[in-house]
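Read through the structure below, which is laid out as structure tokens, and then see the notes.
Source: prediction; values computed, not measured.
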Amino acid sequence: TGVQTCALPIYDGDGYTNLWEYKHGTDPTDPADPDYHMAARNSALQFLKDMMDRTEDSGKRIVTSYIDGATTNGFGWTYDNAISIMAFEKAGEWQRAKDILDAYIWFQDRDPIGDGRIRRAYKANRAIDDTRIGDCSDWIPATNSEALNQAIGDMAFMVMAALRYHGYIGDEYSADLAFAKKLGDWIYNNTRSLNGSGGYNMARTNFELTDPDTFDRKSTENNIDAYVAFMKLYEALNDHTYRTYALHAKNFVLSVWNET
């Protein structure tokens with residue numbers, strides 16, 4: 001698929017651009033008008049494009065999260081990129097969504113551990129080299145303990161973004177579905193908690209992976225993310241296994257619900 005840009009307002013000759021305006025009259029200053037925030041949305045979308053094109057303007061690449069000169073300068077955080085994919089998908093910018101997903105598939109396939117995980121961040125200011133032989137260690141920010149590790153919330157959001165793109169292209173099986181499945185399987189196989197009310201631990205440090213009984217940190221946020229990701233995998237694969245994975249997260253969330 002080629003690059004598709006977000007649609008501009010379509011006028012039908014009577015001056016109205018949407019049903020709200022037809023019913024209430026045109027008033028671009030009225031916040032209730034669905035087009036009221038169009039300029040702000042387009043500005044935000046352009047910012048994401050600019051941050052994505054800082055190193056390369058085509059092919060597989062990721063969005064740079066910060067350009068503030070701090071220690072994370074040039075990093076592309078996985079959560080930010082997952083949300084950016086969703087924004088591009090919503091805007092009809094499917095080629096940009098694909099380019100980011102292709103980059104993350106590249107990272108997953110070349111991770112030095114090679115078990116299906118992706119890291120919390122990568123070096124967005126380093127162009128991806130398809131001719132490279134070996135792993136992607138040079139793209140992993142090894143000096144930043146947060147960036148080089150992983151987190152199930154980040155992976156869960158990437159599952160959602162990848163499955164939306166998979167649904168768009170309409171293939172029965174795709175590289176994006178395989179990518180999402182590997183992420184889901186990694187979450188289940190490495191972070192499933194058997195303590196308390198179950199759920200999945202955050203996996204933001206390797207201690208949680210090597211000694212989950214001692215370092216069993218779980219959050220409602222991450223388990224809500226995991227629940228949605230597993231349910232989306234269940235729908236995409238028609239595999240009941242992923243529904244049981246989702247219920248393991250849901251049971252934890254319900255256990256910490258406070259009715260008062």
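Cluster annotation: F88 is connected to I128 through the hydrophobic network of ILVMFWY side chains, with a link wherever side-chain heavy atoms come within less than 4.5 Å. Hydrophobic cluster membership is shared by L177 and M160, with clusters built from Ile, Leu, Val, Met, Phe, Trp and Tyr side chains linked at under 4.5 angstrom. The hydrophobic cluster containing I85 also contains M51, counting ILVMFWY residues as joined when their side-chain heavy atoms lie under 4.5 angstrom apart, directly or transitively.
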*CA sep, side-chain torsions, deciding dist, call: R96, D53, salt bridge (Lys or Arg N to Asp or Glu O under 4.0 Å)*: CA-CA 10 Å; R96 286 186 176 273; D53 295 344; 2.9 Å; yes
_Audit row: D50, Q46, side chain to side chain donor-acceptor pair (under 3.5 Å) steps and yes/no_ = CA-CA 6 Å; D50 292 343; Q46 186 58 53; 2.9 Å; yes
*Dump the intermediate steps for salt bridge (Lys or Arg N to Asp or Glu O under 4.0 Å) on D135 and R110, then the final yes or no.*
CA-CA 4 Å; D135 63 38; R110 290 166 177 77; over 6 Å; no
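Within 6.0 Å of CG on N238 lie no more than 12 heavy atoms contributed by other residues, nucleotides or ligands. By the 6.0 Å contact criterion, CZ on F47 is open, its count of non-hydrogen atoms from other residues, nucleotides or ligands being 12 or less. The neighbour count for K232 NZ, taken as heavy atoms of other residues, nucleotides or ligands under 6.0 Å away, does not exceed 12. For E235, the CD atom is densely surrounded, since the number of other residues' heavy atoms within 6.0 Å is greater than 12.
In this structure, CG in L163 is found 5.0 Å from CG in L233, a value given to the nearest 0.5 Å. One distance of note links NZ of K218 with CD1 of I152; it measures 10.5 Å at 0.5 Å rounding. Considering CG of N73 and NZ of K123, their distance stands at 12.0 Å, rounded to 0.5 Å.
Counting only residues at least two apart or in different chains, salt bridge (charged side-chain N to carboxylate O under 4.0 Å, His left out) contacts with residues 241-260 are absent.
The shortest distance between side-chain heavy atoms of Y188 and H248 does not fall below 4.5 Å. A heavy-atom distance below 4.5 Å is not found between the side chains of V159 and F230. You'll find the side chain of I118 reaches within 4.5 Å of the side chain of M158, heavy atoms only. T78 is not listed as a side-chain neighbour of R119, based on a closest heavy-atom distance of 4.5 Å or more. The closest side-chain heavy-atom distance from I100 to R61 is not below 4.5 Å. Side-chain contact between I62 and T55: absent, with no pair of heavy atoms (C-beta onward) separated by less than 4.5 Å. For the pair K181 and D185, the minimum side-chain heavy-atom distance is below 4.5 Å. Between P112 and I140, the closest side-chain pair of non-hydrogen atoms falls below 4.5 Å.
Annotation: side-chain hydrogen bond (donor to acceptor under 3.5 Å, both in side chains) contacts of D171 (sequence neighbours excluded): none. The side-chain hydrogen bond (donor to acceptor under 3.5 Å, both in side chains) test applied to R117 returns D115, Q150, not counting sequence neighbours.
The main-chain N or O of I187 is found under 3.5 Å from a side-chain atom of T191 such that the two form a donor-acceptor pair. The backbone N or O of F107 lies less than 3.5 Å from no partner atom in the side chain of D111, so there is not a single donor-acceptor pair. In this structure, S255 contributes its side chain and F252 its backbone to a donor-acceptor pair below 3.5 Å. Here the side chain of K98 pairs no donor or acceptor atom with the backbone of E93 at under 3.5 angstrom. For the pair T64 (side chain) and Y66 (backbone), a donor-acceptor distance under 3.5 Å is absent.
Nearest heavy atom pair, residue G116 against residue L183, reads O-CD2, 3.4 Å. Of all the heavy atoms in T220 and V253, the pair that sits closest is O-CG2, 4.2 Å.
With salt bridges taken as basic N to acidic carboxylate O contacts below 4.0 Å, one links D138 and R132. Residues K60 and D99 are not paired through a salt bridge, judged by the lack of any N-O separation under 4.0 Å between the basic side chain and the carboxylate.
Taking the six-membered ring where tryptophan is involved, the planes of Y104 and F179 are tilted, since the angle between them lies from 30° to 60°. Using cut-offs of 30° and 60° for the angle between ring planes, the Y168 and Y165 rings count as tilted.
Aromatic ring centres of Y200 and Y227: separated by at least 6.0 Å. Between Y234 and Y242, the distance from one ring center to the other does not fall under 6.0 angstrom.
D80 and S65 form a side-chain donor-acceptor contact under 3.5 Å, judged by distance and modelled atom types alone.
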